[in-house]
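One structure is given below, encoded as structure tokens.
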2 protein chains.
Amino acid sequence: MTAETRAPRPMRADARRNYEKLVAVATESFLANGPEASLDEIAKRAGVGPGTLYRHFPNREALLDAVCVQWADSVAADAAPLLSAEDPTAALSEWLVRLVDHVGAFKGLASALLLSSERKHDTAWVLHHTSEELVERAKAAGGIRPDVTTSELMQLTSGITYACSNAKQSGKTVSAPERLIGLIMDGVRTR
Amino acid sequence: MTAETRAPRPMRADARRNYEKLVAVATESFLANGPEASLDEIAKRAGVGPGTLYRHFPNREALLDAVCVQWADSVAADAAPLLSAEDPTAALSEWLVRLVDHVGAFKGLASALLLSSERKHDTAWVLHHTSEELVERAKAAGGIRPDVTTSELMQLTSGITYACSNAKQSGKTVSAPERLIGLIMDGVRTR
DNA sequence: AACGATACGGAGACTGTCTCCGTTTAGCAA
DNA sequence: TTGCTAAACGGAGACAGTCTCCGTATCGTT
């Protein structure tokens with residue numbers, strides 16, 4: 001389940017080149033100018049016409065999604081070591097903190113997508129899937145309450161990512177992610 | 001601290017009339033078309049020129065904020081009875097649930113503003129202020145941990161409002177607000 | 001080498017944002 | 001009342017961004 005394997009039919013060589021260039025340029029652009037960055041401008045900087053951009057990505061959301069999927073893959077990779085940690089509950093907690101940090105570093109671009117648990121947005125799916133494994137392991141070890149679902153945890157976490165990434169941009173101070181995730185974990189831990 | 005008392009200097013009668021009409025029309029429009037609704041269109045429907053709209057509200061955010069402030073006042077009024085409830089902790093919990101419901105009913109327009117604890121966005125301030133009173137009462141009664149701040153609670157809650165209002169729009173199912181608020185409260189309650 | 005399918009690019013129609021400035025109006029003072 | 005001034009209005013229009021359409025170019029295959 002990586003970005004590359006998701007294309008249904010093989011693209012023509014030039015099409016694939018343009019696709020990849022567009023995603024690369026878009027990533028820079030969104031990071032620099034936020035999710036409102038001009039699409040025509042992105043096309044120009046990628047050396048293609050607007051028509052090409054809109055054929056690959058019918059709307060801004062689609063492009064944003066493609067950018068996020070690539071990012072999500074890299075974030076998910078970060079979770080791999082945690083899957084075999086000796087304390088699954090601590091690992092879950094650590095993962096959630098990292099997730100918040102990653103989203104913050106990504107300027108909150110992904111936070112809007114984080115909570116949809118359907119496959120609709122692939123970004124969400126990758127991260128949801130990764131979280132699920134960690135949640136299951138923590139449950140199996142009896143560290144967290146069995147009635148808590150991954151979706152619920154993601155919903156709770158999304159607020160923190162949202163708050164923290166917002167705060168970073170507007171220079172406000174909020175409590176540290178560790179602290180907030182800690183509060184959530186206090187609620188879902190078995191006692 | 002209501003919407004009316006916030007104007008620094010008295011407005012001319014026609015200016016006030018237009019201001020109010022604009023906020024009223026904008027409320028309808030944002031509710032119907034989301035926060036991207038056309039501002040010129042709002043001006044037209046309010047029977048004023050674009051210039052007038054932009055003099056009162058220099059940008060979309062300002063107008064959105066004015067709409068939200070009015071809404072926030074009404075939401076805060078809803079909390080009044082809870083302030084004198086016999087069980088402050090239950091009252092707090094109930095308030096948070098209502099908050100999530102209100103934000104959902106308001107199409108998530110306010111969710112972006114909920115978490116800024118500075119006065120910058122008046123919407124946030126009204127709601128933060130109201131929450132603060134309930135939090136303090138719950139702390140005084142020993143119902144919740146003294147180390148938890150109002151801001152923290154609001155940050156945790158904002159994710160739920162965000163998730164729930166998003167879900168409402170895209171037809172997804174998420175856990176009930178009561179359930180999610182319950183999880184948070186489990187984390188902050190004294191044991 | 002030739003041909004069909006696939007993809008490209010950019011002109012341009014369209015929509016929305018926001019400004020500028022000549023005109024109107026409210027409020028006040030004489 | 002009348003007249004004056006500051007405040008407010010409105011709408012034309014410059015500008016920026018979105019997205020489509022279609023003639024042209026390129027790929028990959030036979």
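Not measured: the values here are computed from a predicted model. Chain A is the first sequence line, chain B the second, and so forth, proteins listed ahead of strands; every chain is numbered from 1.
A:Pro50 has its side chain out of reach of A:Leu39: every pair of non-hydrogen atoms, C-beta onward, lies at least 4.5 Å apart.
Residues passing the side-chain hydrogen bond (donor to acceptor under 3.5 Å, both in side chains) test with A:Arg189 are A:Asp186, sequence neighbours excluded. Under the rule for a ring pair (Phe, Tyr, Trp, His ring centres under 6.0 Å), A:His102 has no partner lying at least two apart in sequence or in another chain. In this structure A:Glu94 satisfies the side-chain hydrogen bond (donor to acceptor under 3.5 Å, both in side chains) test together with A:Arg98, sequence neighbours excluded. Scanning for ring pair (Phe, Tyr, Trp, His ring centres under 6.0 Å) contacts around A:Tyr19 gives A:His56, A:Phe57, with sequence neighbours left out. Under the side-chain hydrogen bond (donor to acceptor under 3.5 Å, both in side chains) criterion, A:Asn59 pairs with no residue at all, not counting sequence neighbours.
Atom C1' of nucleotide C:dA7 and atom CG of A:Leu22 are separated by 13 Å, given to the nearest angstrom. A:Asn18 has its CG atom 12 Å from the P atom of C:dG10, to the nearest Å. Atom NZ of B:Lys21 and atom P of D:dG10 are 11 Å apart (whole Å). If you measure from atom CG of A:Leu53 to atom P of D:dT18, you get 9 Å, rounded to the nearest angstrom. Between the C1' atom of C:dC18 and the CG atom of B:Asn59 lies a distance of 11 Å, rounded to the nearest Å. Following rounding to the nearest Å, A:Glu20 (CD) and C:dA7 (P) show an atom-to-atom distance of 14 Å.
Salt bridge annotation for A:Asp65-A:Arg60: absent, with no cationic side-chain nitrogen under 4.0 angstrom from a carboxylate oxygen.
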Give the table of side-chain donor-acceptor pairs shorter than 3.5 Å for residues 22-35 of chain B, with sequence neighbours excluded, one pair per line with atom names and distance.
| unit_1 | atom_1 | unit_2 | atom_2 | d |
| --- | --- | --- | --- | --- |
| B:Thr27 | OG1 | B:Val23 | O | 2.7 |
| B:Ser29 | OG | B:Arg45 | NH2 | 3.2 |

Atom pairs and distances, side-chain donor-acceptor, residues 129-144 of chain B, under 3.5 Å, sequence neighbours left out:
| unit_1 | atom_1 | unit_2 | atom_2 | d |
| --- | --- | --- | --- | --- |
| B:His129 | NE2 | B:Glu133 | OE2 | 3.4 |
| B:Thr130 | OG1 | B:Val126 | O | 3.0 |
| B:Ser131 | OG | B:Trp95 | NE1 | 2.9 |
| B:Ser131 | OG | B:Leu127 | O | 2.9 |
| B:Glu132 | OE2 | B:Thr150 | OG1 | 3.0 |
| B:Arg137 | NE | B:Leu83 | O | 2.8 |
| B:Arg137 | NH1 | B:Leu83 | O | 3.2 |
| B:Arg137 | NH2 | B:Leu83 | O | 3.1 |
| B:Arg137 | NH2 | B:Ala85 | O | 2.7 |
| B:Lys139 | NZ | B:Pro146 | O | 3.3 |
| B:Lys139 | NZ | B:Val148 | O | 2.8 |

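Listed by first then second residue, pairs satisfying salt bridge (charged side-chain N to carboxylate O under 4.0 Å, His left out) with a partner in residues 80-93 of chain A number zero, not counting sequence neighbours. Within the structure, no pair that satisfies the salt bridge (charged side-chain N to carboxylate O under 4.0 Å, His left out) test touches residues 31-41 of chain B, not counting sequence neighbours.
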Polar atoms only, N or O, under 3.5 Å: list the protein pairs with nucleotides 19-21 of chain C and their distances.
none

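Within the 4.0 Å cut-off from OP1 or OP2 of C:dA7, not a single side-chain nitrogen or oxygen of A:His56 is found. Dashed line: the shortest gap from a side-chain N or O of B:Thr52 to OP1 or OP2 of D:dA8 is not under 4.0 Å.
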Problem - B/S/- contact track for nucleotides 24-30 of chain C, protein heavy atom under 4.0 Å - result: -BSS---
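Listed in residue order, the members of residues 32-47 of chain A having a heavy atom less than 4.0 Å from DNA chain D are A:Ser38, A:Leu39, A:Asp40.
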